[in-house]
Amino acid sequence: MSQPTIDESLYSRQLYVLGHDAMRQMSSSNVLIVGLHGLGAEIAKNIALAGVKSVTLYDPAPVSVADLSSQFFLRNEDVGQPGVTRASATASRLSELNSYVPIKVLDVPSLDKATLESFKVVVLTHTPLNEQLRVNDLTHNTSTHFIAADVRGLFGTVFNDFGSHFVCKDTNGEQPLDSMIVSVTHDEEGLVTTIDEKRHGLQDGDYVTFTEVQGMSELNGIEPRRVTVKGPYTFTIGDTRSFGEYRGGGIFKQVKMPEILNFKSLRESQQAPEFLFSDFAKIDRSMILHIGFEALSAYEEKNGHSPRPRNADDANALLALARDIMQSRNQLPEGEEATKLSNWILTELSYQATGDLSPMVAFIGGFVAQEVLKACSGKFHPLMQHMYADVLEALPKDVPNLPESEFSPQQSRYDGQIAVFGKTFQERIGNTRQFLVGSGAIGCEMLKNWSMMGLGAGPQGQIYVTDLDTIEKSNLNRQFLFRTQDVGKFKADTAAAAVAAMNPDLSGKIKTFQQRVGPETEDLYDQDFFAQIDGVTNALDNVAARNYMDSRCVFFRKPLLESGTLGTKGNTQVVVPDLTESYASSHDPPEKSIPVCTLKNFPNQIEHTIQWAREQFDELFQKPVANVNQYLSQSDYLSSLSSSGDSGYGQQVEQIKEYLVDARPQSFDACIVWARLKFEENYVNMIKQLLFNLPHDAKTTTGQPFWSGPKRAPSPLVFDPHNELHMAYIVATANLHAFNYGLNGSTDVGHIAQVASQVQVPEFVPKEAKVQINDSDPAPGQSTNAAEDQASLEEVVSSLPAPASMAGYRLTPAEFEKDDDTNHHIDFVTAASNLRATNYQIEPVDRYTTKGIAGKIIPAIATTTALVTGLVNLEMYKLMDNKRDIESYSNAFVNLALPFIAFSDPIAAPVHKYNDREWTLWSRFDVEDMPLRDFLEYFHREHGLEVTLVSGNMAMLYADFMPPKKKEERLPMRLRELVEHVTKKPVEPHVRHLSIEIMADDLNGEDVEVPTVSVRIK
């Protein structure tokens, strides 16, 4: 059977999460979604974006106003329309998300075995327990996998049954580990020692295979061996006595072994449930909620409706049903505290049974959608088997004291939210003014949630969105507010229009910007702007912008909601003024860089050759071209470069001569010749030179073989016009060179191979030069004869054409763009990397893998984005209630592959102290603009601080070690005047406060840390 084709341009970010095999499995899987309230729509949206074979919807109920609380595919005009069901209305809009996924509506009186057998996965949402049991009885131990889920107010539940023999092919989704080895013992234990550059990372029970082992060659290609870890650089693999003696070399690679999982049916699991704890602080709640949801289903079956919001009689009835179930299973809570907790949770479940909250739907819907993809593909470990969640800490403080009427239905699209929080709190949500920074994947989900919540839709409400990016095809897989016809449009404008269509109450309530946030736009996002908003929500993809927004929120004392995703992993953070630390209070460790000497001479991993190739792209097609243009456009370019003392001056002059004189092509054939010579230079001559300096039998100063351990001895290539990889390099290189000069390129491999094979390649003559073995060694190639070098350079400069003689002539630099499959950029990097990998006997990788590494593509999938955004907005409810107990808030850490969800209290802002006064990062000194002399006296008088240094606007304004004359000159100046005097720049008109930093001694004469000073200027 032919394999289904995967559209890599659409699914590129998701492919780096799931891989091609899982995507192919998904693209042959039909999925049935039963129940099209908000949760069903959320799950359907996520799996349609992910790319399953088809999504079929089943919900014959008509559309009601209450459905609009979280069902973002439904519109006002669908309500009460004859013949329009939730499924049919949803299908027409769901089908717009992904042209590869047909959306169908199932029209049957009930779900029977024959119908269910046509689906790989069936998902039941908002379905009575008896119906769940009936359907699961039909699917258990068949090829149809079963999931049931529900959301009621701030409560959620999920159940999986993938049968008694489900094969999980990859339990965690992490890249297989590998490393070079330095020894294997010849004994009963078989102790493997790896190089000490990095830990092997293995765990007991992992499996590994070996390649390139010398001496003990029987290990190469052997069946995977089970590992027992002995240390960070050692592990055992079992008896090696029947093998030869280990002589050297070798690479181990971890093998992902499939795991067989046995699921119980819902009927069996209902009696003896197995839980995934979504919040370790609430472990004792899972069983209560397990029984509570069963009691809720029994109540609804008995009474024909859900318990009414905040109705005590209905709550008591549900409690009685729950107690009966507990008693029948001998699971009554023990002790007064346990009984009190149980009663409170069950009562709230009754009160919120009609509640429908978009953030909770997003949280559970993202989780369930990932479980659907696991069932389709066998990729990642599925939920075993129940998960219950509650976010009761999000309830407003005054809810228990409000009358039942505050929560009664209003025939409003917000009734699902009013049932949980009340009418008054709904008004607060509507009148919130929020700034959303970014409208990509997280930003789209955020706006969708806000539209369902009605955030900003009230008379005083407003949403501000900024994003300078335009929509690309690769965005469509996870940025669900965008459609194919939107490609090229601004994200912020398109997203705003999309959510206003979802909820007309937001029409005219969203203001969009295309200006990035940063120091250069502080005249736009100024004090007046921050004064009118209640908080900031980040939807950013880089740390620099996150840190900047964090600093602005701290300065303007605004709460910040922060989140991010990486494949199936996600995190959220809430920053609350005067309560928590800020985003910038903690930092991730810096990304580990590859040593220059490794990149240049001693690569041993494909990542090394890919980075080398990526740098080659800039060195061949971007930097020299930019230098030529600067030479042609700036008459004093070379003289200014020379006088600056730039160590690369000589190299730049040589490049300008090459690109403007020696290798300036007049035809595409000349570009082919240039590409052929670059092949020889980089994959033949460079390697021959290295081996001339360090032959295969070279020894270290201690007498050990130089080419051992992580240093792999290379071999030069021999150009072959019939070699596909060789020609891929020539084609890409020639076309990029032609692009630089505005010439028409070609992909006629036959002609290119003919021209390349006829190039006269100069014979290589090795040079006497040192090799840089360590980064601490001096760079090679530096001559000791400065006068000779200068004369040579002057000769090169004199041979350059005068810029005036080439007026208007410019080259076109190639700016690296990973997502254009026609520009030869990734083609070049792939070929260049794989040729170098061939030099060093490193296994080459395909274009897709190269693109991910060279393009630094961040893996992304809609499921994680949806879940994380839901968690962020659950924190938004808490911020709107102005909660001051830090334990009311939660930061979250998620890995849907495992699956794993953990919540933690935010870290409190650290408390500092000077003299007897405490302060945190949220503290500052607010002062008026005044002369520096008065400023120093003010801190002495009011705070007991002797100021020793004053700085602002990246300049030192005052220091007690300054010469007396300079101090006397500055003391009478007002602070604004002083800043302008020192920096030689006027303070921008929009600036109303200057941030001044001071160093000071306390009353004991000790140097102490103190808050920032904010100087109010007119």
Indicate the atoms forming the closest heavy-atom contact of [X] with [Y], along with that distance.
| X | Y | answer |
| --- | --- | --- |
| Ala539 | Leu436 | CB-CD1, 4.1 Å |
| Gly416 | Leu357 | O-CD2, 4.0 Å |
| Met26 | Cys376 | CG-CB, 4.0 Å |
| Ala322 | Leu346 | CB-CD1, 3.7 Å |
| Pro307 | Ala353 | CD-CB, 3.6 Å |
| Ile33 | Ala44 | CG1-CB, 4.3 Å |

How long is the straight-line distance from [atom2] of [Y] back to [atom1] of [X], given to the nearest 0.5 Å?
| X | Y | atom1 | atom2 | answer |
| --- | --- | --- | --- | --- |
| Leu97 | Leu49 | CG | CG | 5.0 Å |
| Lys120 | Leu32 | NZ | CG | 15.0 Å |
| Leu39 | Ser70 | CG | OG | 8.0 Å |

Between Glu875 and Tyr877, does a side chain to side chain contact (heavy atoms under 4.5 Å, CB included) hold up when you go through it step by step? CA-CA 5 Å; Glu875 298 306 302; Tyr877 287 135; over 6 Å; no
[X], [atom1]: over 12 other non-hydrogen atoms inside 6.0 angstrom:
| X | atom1 | value |
| --- | --- | --- |
| Lys113 | NZ | yes |
| Asp107 | CG | no |
| Lys423 | NZ | yes |

Is it true that Asp356 and Tyr414 share a donor-acceptor pair across their side chains at a distance under 3.5 Å?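 No, because no side-chain N or O of Tyr414 sits under 3.5 Å from a partner of the opposite role on Asp356.
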Provide the full list of salt bridge (Lys or Arg N to Asp or Glu O under 4.0 Å) pairs with a residue in residues 403-412, sequence neighbours left out, each pair given once.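 Those involving residues 403-412 do not exist here.
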Distance-only, no hydrogens or angles: does the [X] side chain make a donor-acceptor pair with backbone N or O of [Y] under 3.5 Å?
| X | Y | value |
| --- | --- | --- |
| Arg75 | Phe72 | yes |
| Asn46 | Glu42 | yes |
| Tyr889 | Lys883 | yes |
| Asp59 | Leu36 | yes |
| Thr572 | Ser563 | no |
| Asn873 | Met876 | no |
| Ser451 | Lys448 | yes |
| Tyr388 | Ser278 | no |
| Thr139 | Asn136 | yes |
| Asn475 | Ile471 | no |

Residues [X] and [Y] bridged, charged N to O under 4.0 Å:
| X | Y | value |
| --- | --- | --- |
| Arg413 | Asp67 | no |
| Asp534 | Arg433 | no |
| Glu96 | Arg93 | no |
| Arg152 | Asp150 | yes |
| Lys473 | Asp486 | no |
| Glu393 | Lys282 | yes |
| Arg478 | Glu445 | no |

Using the ring of each side chain (for Trp, its six-membered ring), is [X] parallel, tilted or perpendicular to [Y], with breaks at 30° and 60°?
| X | Y | answer |
| --- | --- | --- |
| Tyr464 | Phe435 | perpendicular |
| His305 | Tyr299 | perpendicular |
| His386 | His290 | perpendicular |
| Phe903 | Phe363 | perpendicular |

What verdict does the side-chain hydrogen bond (donor to acceptor under 3.5 Å, both in side chains) test give for Glu562 and Asn538, after you've listed the backbone C-alpha separation in whole Å, the side-chain angles of each residue and the deciding distance to 0.1 Å? CA-CA 5 Å; Glu562 174 59 61; Asn538 275 350; 2.9 Å; yes
Hey, are the side chains of [X] and [Y] touching, using non-hydrogen atoms and a 4.5 Å cut-off?
| X | Y | result |
| --- | --- | --- |
| Trp450 | Ile463 | yes |
| Leu138 | Thr144 | no |
| Ile345 | Leu349 | no |
| Gln417 | Ile429 | yes |
| Gln434 | Leu455 | yes |
| Lys489 | Phe482 | no |
| Leu481 | Thr494 | no |
| Phe367 | Pro899 | yes |

Sequence neighbours excluded, which residues qualify as side-chain hydrogen bond (donor to acceptor under 3.5 Å, both in side chains) partners of Gln71?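 Result, side-chain hydrogen bond (donor to acceptor under 3.5 Å, both in side chains) vs Gln71: Thr90.
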From CA spacing to verdict: side chain to side chain contact (heavy atoms under 4.5 Å, CB included), Thr56, Asn30: CA-CA 8 Å; Thr56 301; Asn30 300 308; 5.9 Å; no
Quick one: do Asp78 and Arg86 satisfy salt bridge (Lys or Arg N to Asp or Glu O under 4.0 Å)? Show the steps, please. CA-CA 9 Å; Asp78 300 324; Arg86 278 196 287 255; over 6 Å; no
Any cation-pi pair here, Arg310 with Phe407, using under 6.0 Å and within 45°?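 Because its charged atom sits under 6.0 Å from the ring centre and within 45° of the axis, Arg310 does stack over Phe407.
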For Phe480, is the NZ or CZ atom of Lys45 found under 6.0 angstrom from the centre of its six-membered ring and inside 45 degrees of the ring axis?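 Yes - Lys45 lies over the ring of Phe480, closer than 6.0 Å to its centre and within 45° of its axis.
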Given Ser439 and Gln479, is the side chain to side chain contact (heavy atoms under 4.5 Å, CB included) satisfied, shown in steps? CA-CA 9 Å; Ser439 56; Gln479 301 179 16; over 6 Å; no
How far apart are the C-alpha atoms of Val79 and Leu68, what are their side-chain angles, what is the distance that settles it, and do they pass the side chain to side chain contact (heavy atoms under 4.5 Å, CB included) test? CA-CA 9 Å; Val79 177; Leu68 303 180; 4.2 Å; yes
Asn160 and side-chain hydrogen bond (donor to acceptor under 3.5 Å, both in side chains): which partner among Glu371, Lys374, Gln385?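 Single side-chain hydrogen bond (donor to acceptor under 3.5 Å, both in side chains) partner of Asn160 among Glu371, Lys374, Gln385: Glu371.
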Would you sort out whether Ser350 and Thr347 count as a side-chain hydrogen bond (donor to acceptor under 3.5 Å, both in side chains), showing the intermediate values? CA-CA 5 Å; Ser350 174; Thr347 299; over 6 Å; no
